[in-house]
There are 2 protein chains.
Amino acid sequence: MDVAQETAQAQIITAVPARASRRTAERREELLQAALKVIRTVGAGASMEQMAAEAGITKPVLYRYFGDREGLIGAVAGRFAEALAERLALAVASLVEASPEQAIRAGIEAYISFIEEDPELYGFLSQHAAPDSAALVSIVDRVAKALAGLIAGRMIEAELDPRPATTFAHGIVGMVHMAGARWARQPELPREEFISYLVALASYGLANGGRPLQPEE
Amino acid sequence: MDVAQETAQAQIITAVPARASRRTAERREELLQAALKVIRTVGAGASMEQMAAEAGITKPVLYRYFGDREGLIGAVAGRFAEALAERLALAVASLVEASPEQAIRAGIEAYISFIEEDPELYGFLSQHAAPDSAALVSIVDRVAKALAGLIAGRMIEAELDPRPATTFAHGIVGMVHMAGARWARQPELPREEFISYLVALASYGLANGGRPLQPEE
DNA sequence: AGGTAATATTACCCAAAGTAACAGAAATTG
DNA sequence: CAATTTCTGTTACTTTGGGTAATATTACCT
């Protein structure tokens, strides 16, 4: 297309000042990065004005790109959820041949590590994470969906009915999320110990205290 | 002043309906009830002004009694947590002799019923329920603490190490909370089915797809 | 009755979300 | 190249809601 060519040319010209004209998506990405930076710095209280300032612009621009605060948070959450889901899938998928417990451990380990790497961002998202808010819905749904797929796969493989997979997935995400939040708040247990308890609970449930049935005795 | 006189008279009249002078704790209770009423009516967006208006007073009074918004929310959350913990303890305690699975089912059933009875309030609390917010900390800690006690008791009885009890308790609360929120949002499953999946997960874990090891086969 | 402690009100501040109106650069077109 | 439209940005405002200072009123106590 002609238009495409001319556009490309124009972009080469103004490409030097780097901050001038670009495609919308790229600009949006820049603004998102700036917002992330602010959130990581000042924490969950980050205001629209601060995020705009970090990007070197003013509020109305931000609002043009993201609609409203919910939109921005949603974009941040989406980004976060994407990365987390990917990492989870990777961690678990690399263990297709492993036992369920090993896969569960890998997933929980990945989840906890991930939020440890970005505590401010995680705190920000949790804070704006009402059950009815777009932010948490998107992040949990995203992660849980990925997880549900993994679980359903294994269940089918084991010739079990996969219908509970979605409920299981949300339950497990909530379990790790809540216990993780409490552990981050009051780390009374060493990390390894905490994680093994979580793995035990997720793998074998409460009924026998987190152990497979018929223990060594 | 005419107005003053009329006002005074009106107050003498309205003194009878119990809304005049009382001890601080009782007054606080009244204000709390008014706040609850507003929350249940208008939902999670309830403002301090609305709650004050419902109680027939103005904002500063509310602030005197509760310090700030967090304080009010904390009081509401505390009230809620108290009732919920009590109900859980009751439901589970009545089944001391029952199997773990039956006790777990009773607890989950009680939890879900409880939040179903007061969805607006639950939504309000969840909304203001950042991991670092006083509200959720108080409510989760309260409920989880009660649960941890129950779990620890059973584990000791079964001669298992009770150290994981606290982690288990937070995990289970998070599991039921998150899965419940999703189910309330999108009730694709019949209630009974949803609950039995939760019970399965909480009781026997993911490793064998929510079933005790060595099933009927 | 007169003084003091509660109890409540009015009228304000402040921060932050969100928006209307306007300004300058850049691409588009005759 | 000049005129126009479009894109990107700004200033300055409105609104809402949490929080508070100064002040008035009521109740209590001796």
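Between the CZ atom of A:Phe66 and the P atom of C:dG18 there is a distance of 14 Å, rounded to whole Å. For A:Lys59 and D:dT8, the NZ to C1' distance is 18 Å, given to the nearest whole Å. Rounded to a whole Å, the CD1 atom of A:Ile57 is 15 Å from the C1' atom of D:dT11. Put simply, CZ on B:Arg69 is 10 Å from P on D:dG17, counting in whole angstrom units. The separation between B:Leu72 atom CG and D:dG18 atom P is 10 Å, rounded to whole Å. Taking atom CD on B:Glu70 and atom P on D:dG17, their separation rounds to 18 Å, with Å as the unit. Spacing between atom CD of A:Gln50 and atom P of C:dA15 amounts to 12 Å, rounded to whole angstrom units.
Counted by atom type alone, B:Gln33 and B:Glu29 present one or more donor-acceptor pairs between their side chains at under 3.5 Å.
The shortest distance between side-chain heavy atoms of A:Arg40 and A:Asp118 falls below 4.5 Å.
For A:Gly45 and A:Pro60, each mapped to the nucleotide of DNA chain C holding its nearest heavy atom, the one lying further toward the 5' end belongs to A:Gly45. Mapped onto DNA chain C by nearest heavy atom, B:Tyr65 and A:Glu49 fall at different nucleotides, with B:Tyr65 at the one closer to the 5' end.
Using cut-offs of 30° and 60° for the angle between ring planes, the A:Phe194 and A:Trp183 rings count as parallel.
For the pair A:Arg27 and D:dG9, the criterion of a side-chain N or O lying under 4.0 Å from OP1 or OP2 is met. The phosphate of D:dG9 has neither OP1 nor OP2 within less than 4.0 Å of any side-chain N or O from A:Thr58.
Listed nucleotides C:dT19, D:dG17, D:dT10 differ in distance to B:Ser47; the shortest reach to its side chain belongs to D:dG17. Checking D:dT20, C:dA17, C:dT9 against the side-chain heavy atoms of B:Val61 singles out C:dT9 as nearest.
Here the CZ atom belonging to B:Arg191 is positioned 4.5 Å from the CD atom belonging to B:Glu116, to the nearest 0.5 angstrom.
A donor-acceptor contact under 3.5 Å links the side chain of A:Arg64 to the base of D:dG9.
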